[in-house]
Number of protein chains: 2
Amino acid sequence: MSSRDVPAPVIRRLTIYLRALMFLVDEGQEIISSEELGNKLGISSAQIRKDLSYFGEFGKQGTGYEIRHLREQLKRILKVDREWGIALVGAGDLGHAIVHYEGFKNRGFYIAAIFDKDPQKIGRKIRGLEVLDSRLLPKVVKEMGLKVAIVAVPANEAQKAVDTLVASGIKAILNYAPITLNVPAGVQIRCIDPVTRLQNMTYYL
Amino acid sequence: MSSRDVPAPVIRRLTIYLRALMFLVDEGQEIISSEELGNKLGISSAQIRKDLSYFGEFGKQGTGYEIRHLREQLKRILKVDREWGIALVGAGDLGHAIVHYEGFKNRGFYIAAIFDKDPQKIGRKIRGLEVLDSRLLPKVVKEMGLKVAIVAVPANEAQKAVDTLVASGIKAILNYAPITLNVPAGVQIRCIDPVTRLQNMTYYL
DNA sequence: TAGATTGTTAATCGATTAACAATC
DNA sequence: TAGATTGTTAATCGATTAACAATC
């Protein structure tokens with residue numbers, strides 16, 4: 001597939017463009033130029049046009065981009081013109097916060113199932129969704145056909161959780177444990193570690 | 001300052017190296033080569049050696065790196081050989097999860113003050129720390145000399161929160177609102193948006 | 001010493017930027 | 001049309017990689 005060789009930084013920026021376009025639609029704006037969008041995001045207009053050109057021609061010379069149209073195109077490109085069910089592993093404080101997070105809505109994702117191995121947590125409901133025994137994970141993930149997961153367990157349990165998820169057919173994992181995890185080729189993984197982000201800033205202070 | 005022109009990707013990776021070294025110290029390992037560390041992190045050994053060479057010579061030919069020593073050096077470089085107090089803005093679900101987060105410990109940060117504008121939340125205690133009225137933020141941040149903040153308020157309140165923080169002397173902001181925020185030069189900002197990270201993965205599915 | 005691994009250089013690779021013809 | 005902005009090319013810039021002398 002030719003789109004495979006789109007540079008990774010381009011894909012990362014597309015998600016930022018999409019987020020901005022969603023916001024602009026809410027604001028009622030209909031048209032935007034690469035210049036104006038770039039100013040809002042701190043990205044050059046040339047960069048934006050170049051990024052978009054990997055996928056097609058979405059603008060109109062002399063005018064700019066029709067916001068709704070570009071939004072739909074980016075949703076399609078990023079494959080969030082649908083809703084992905086997420087398997088959440090870990091029903092602690094962080095898991096709770098993730099389930100209550102409002103930001104998934106209309107952005108392509110929803111929490112489909114919650115798992116934990118703590119008998120104290122199994123059976124409880126979070127936002128109407130029952131916490132399931134981790135031992136049921138392979139069965140449930142397969143039955144529901146889930147491809148996306150979030151790992152919100154302690155660092156020392158994270159690799160095991162990831163291994164189980166991968167074995168159950170999960171293809172994309174967002175990991176909140178502050179540790180580098182290994183996955184086989186063909187499985188996507190990203191880590192959210194607030195401390196590394198903070199350390200990244202203190203360097204510059 | 002010459003260290004200003006160290007490439008940003010290098011600093012990002014240093015935080016990953018530091019995280020791995022902390023883990024290795026816990027495991028009891030004492031020495032590691034760039035090759036072994038690279039294998040663990042999915043980074044080439046040449047990359048690691050090059051990254052470190054921006055700051056000095058930390059290894060020993062034929063042997064590798066003394067893990068504790070390299071850890072201390074990275075802590076110093078990233079300025080986390082101290083503890084930074086964090087001003088947390090927003091005491092909702094996410095704010096709660098951040099206060100209860102165990103990952104800050106021994107990594108250079110602690111929550112120093114919590115602010116919210118909701119009268120329902122002001123005065124309550126989270127982990128022994130009282131939620132303060134947001135109107136007190138400038139005074140408290142200045143008095144405590146805080147330089148680092150975390151924004152955990154809704155998207156529509158985030159820019160205002162950031163403006164107040166910057167006016168109060170904050171120099172580094174970790175933003176959890178799913179929106180691009182503007183800060184003046186000299187202030188660092190990073191955004192944690194799980195949905196953009198997820199969208200980044202679904203592209204490749 | 002012999003073997004191993006660093007620190008660093010030079011070459012390669014890839015991403016960003018500037019400029020402008022095309023065109024709405 | 002005249003003005004504005006796109007899409008794209010070529011040039012620039014920057015980061016990664018490979019290789020190896022230095023050396024523990």
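Every chain is numbered from 1 and lettered A, B, ... according to where its sequence line falls, protein lines coming before strand lines. For the numbers below, each heavy atom of this structure counts, side chains included, while hydrogens, waters and symmetry mates do not.
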Original post:
In residues 29-46 of chain A, which ones come under 4.0 Å of DNA chain D, going by heavy atoms?
Top reply: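 Going residue by residue through residues 29-46 of chain A, the ones with a heavy atom under 4.0 Å of DNA chain D turn out to be S33(A), S34(A).
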Subject >> Selection: residues 58-78 of chain A, any non-hydrogen atom under 4.0 Å of DNA chain C >> reply: K60(A), Q61(A), G62(A)
Original post:
Do K79(A) and Y203(B) meet the cation-pi criteria used here (NZ or CZ under 6.0 Å from the six-membered ring centre, within 45° of the axis)?
Top reply: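 Yes, a cation-pi geometry holds between K79(A) and Y203(B).
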Original post:
Which residues pass the side chain to side chain contact (heavy atoms under 4.5 Å, CB included) test with D133(A), sequence neighbours left out?
Top reply: I122(A), R135(A), L136(A)
Measure the shortest side-chain to side-chain distance between [X] and [Y] over non-hydrogen atoms and say whether it is less than 4.5 angstrom.
| X | Y | value |
| --- | --- | --- |
| D163(B) | V166(B) | no |
| Y110(B) | F104(B) | no |
| L198(A) | I86(B) | yes |
| I11(B) | L78(B) | yes |

Original post:
Taking atom types as modelled, is there a side-chain donor on R49(B) or S45(B) under 3.5 Å from an acceptor on the other?
Top reply: yes
Original post:
Do E66(A) and Q73(A) meet the criterion of a side-chain donor-acceptor pair at a distance under 3.5 Å?
Top reply: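 On atom types as modelled, these side chains do not qualify, holding no pair under 3.5 Å.
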**OP:** Indicate yes or no: does D81(B) engage R76(B) in a salt bridge with an N to O separation below 4.0 Å.
**Re:** no
Original post:
How would you list all residue pairs meeting salt bridge (charged side-chain N to carboxylate O under 4.0 Å, His left out) that involve residues 184-205 of chain A, not counting sequence neighbours?
Top reply: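 Counting only pairs at least two positions apart or across chains, the salt bridge (charged side-chain N to carboxylate O under 4.0 Å, His left out) contacts touching residues 184-205 of chain A are D193(A)-R19(B), D193(A)-R107(B).
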Original post:
Is it true that atom NZ of K75(B) has more than 12 heavy atoms of other residues, nucleotides or ligands lying nearer than 6.0 Å?
Top reply: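 Atom NZ in K75(B) is crowded, with more than 12 foreign heavy atoms closer than 6.0 Å.
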Subject >> Over 12 non-hydrogen atoms of neighbours within 6.0 angstrom of CD in E83(B) >> reply: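 Yes, CD of E83(B) has more than 12 neighbouring heavy atoms, counting only those of other groups under 6.0 Å.
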**OP:** Could you give me the stems involving DNA chain D, meaning stretches of three or more consecutive Watson-Crick or G-U wobble pairs whose two defining distances are both below 3.5 Å?
**Re:** C:3-24 with D:3-24
Original post:
Could you give the start and end, 5' to 3', of the contact zone on DNA chain C for chain B, using atoms under 4.0 Å from its heavy atoms?
Top reply: dA4(C) to dT9(C)
